[in-house]
Visitor: 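Dumping the structure here so I can ask a few things about it.
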Amino acid sequence: MNMHKIPDKQIKLGNFDAGDALSKYNLKTEKEAKLDTELIKCTDKKKLPPSSLKKIQNVSFPRSGHALLRRCLQLYFKDKFYFCEFYGGCHESPCTNPQTNYQKNHDFGLRLENNPSFNYIIQYRHPLESLVSLYKLYFNIGVIKEDTKESWIKFCKTNILYWKKFIKKWVIENKNSHAIIIPFNDLLSNTEEILKQTIAYMDPGDEINEKRIKDVIKELNISRRTSIEDFKYYDIKFFKEIEESVKDELKKINLKMIFDSKEKDGLNNGD
Ligand SMILES: [Zn+2]
């Protein structure tokens with residue numbers, strides 16, 4: 001595995017900068033990299049034609065399919081999609097650029113306002129899948145310096161608390177009627193339906209182009225790419241313990257436990 005180092009000031013744990021630096025060091029296909037380069041960002045400072053899309057706050061737990069969904073929407077809406085990275089962009093919420101219609105945020109500090117007059121897309125995933133993926137990413141980009149089982153355990157125990165609070169705030173107790181919630185598994189297994197709902201939500205004035213949605217799905221070749229079982233620190237006992245600590249939350253959001261039965265059920269995941 002290649003290890004890349006980028007300056008600390010750009011990426012800090014707990015204040016994750018997912019800007020250009022991250023994209024550069026993140027694993028992606030050629031198609032995905034091209035889309036990321038073409039993304040119209042709030043910091044581009046270009047005067048753009050007005051867009052008919054609603055302004056969306058995309059609040060996602062890290063590694064829960066944000067990039068996947070964003071690339072689908074970017075391909076579908078093409079030059080109507082004006083993006084703000086927040087961490088790698090203007091660092092303000094709402095975005096400082098009034099033309100932005102899709103702002104990403106991970107709410108690391110859990111202080112982001114849930115404003116009933118804004119529109120939200122919330123994304124989450126089973127925490128073990130998100131955390132394994134995030135740990136690997138943080139190591140690859142140099143946020144985590146020491147890659148040992150101990151550092152993984154420490155990372156996991158700290159960030160499972162962030163997941164718990166994130167889920168409570170944005171999913172379990174989220175009463176905002178201007179919010180749609182997209183679990184990662186649904187995005188992967190029911191992509192077409194999820195995209196239809198999301199597109200209708202973002203662009204209610206325009207008829208849905210079903211053929212274009214099908215083309216987008218084909219073009220991005222959406223599939224699961226990795227499995228937590230392949231993680232070098234995969235340890236059923238520890239993983240079960242972590243899952244057990246969020247059992248109530250998983251039940252409330254109706255997310256199937258991986259280690260519910262005595263036998264592991266061979267669940268795969270994707271980044
Ligand atoms: Zn911005």
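Only heavy atoms go into these numbers, but all of them, side chains included; no hydrogens, no water, no symmetry mates. Remember, it's 1-based here, ligands and their atoms both numbered in the order they're listed. The first residue in the sequence is number 1, and the count goes up from there. From a predicted model like this one, the values you see are computed outputs, not experimental measurements.
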Visitor: Between Ser117 and His178, is any side-chain donor less than 3.5 angstrom from a side-chain acceptor?
Guide: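 Ser117 vs His178: no donor-acceptor pair found between side chains.
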Visitor: List in chain and number order the residues that pass side-chain contact (heavy atoms from CB on, under 4.5 Å) with Ile181, two or more places apart in sequence or in another chain; answer none if no residue qualifies.
Guide: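 Testing Ile181 for side-chain contact (heavy atoms from CB on, under 4.5 Å), a comparison that skips the adjacent residues, returns Ile122, Tyr124, Val171.
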Visitor: Can you check the number of protein N/O/S atoms within less than 2.8 Å of the Zn ion (ligand 1)?
Guide: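 Protein N, O or S neighbours of the Zn ion (ligand 1) under 2.8 Å, waters not counted, come to 4.
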Visitor: Please check this pair: side chain of Gln99 against backbone of Leu48, looking for a donor-acceptor N/O pair closer than 3.5 Å.
Guide: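 Looks like yes, one N/O pair under 3.5 Å.
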Visitor: Can you tell me if Gln103 and Asn58 form a side-chain donor-acceptor pair at under 3.5 Å?
Guide: no
Visitor: Any side-chain donor-acceptor pair under 3.5 Å between Trp170 and Asp107?
Guide: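 Side-chain D/A pair, Trp170 to Asp107: present.
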Visitor: Is it the case that the side chains of Tyr120 and Asn174 hold a donor-acceptor pair, with the cut-off being a distance below 3.5 Å and no angle test?
Guide: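 No, no side-chain donor-acceptor contact under 3.5 Å.
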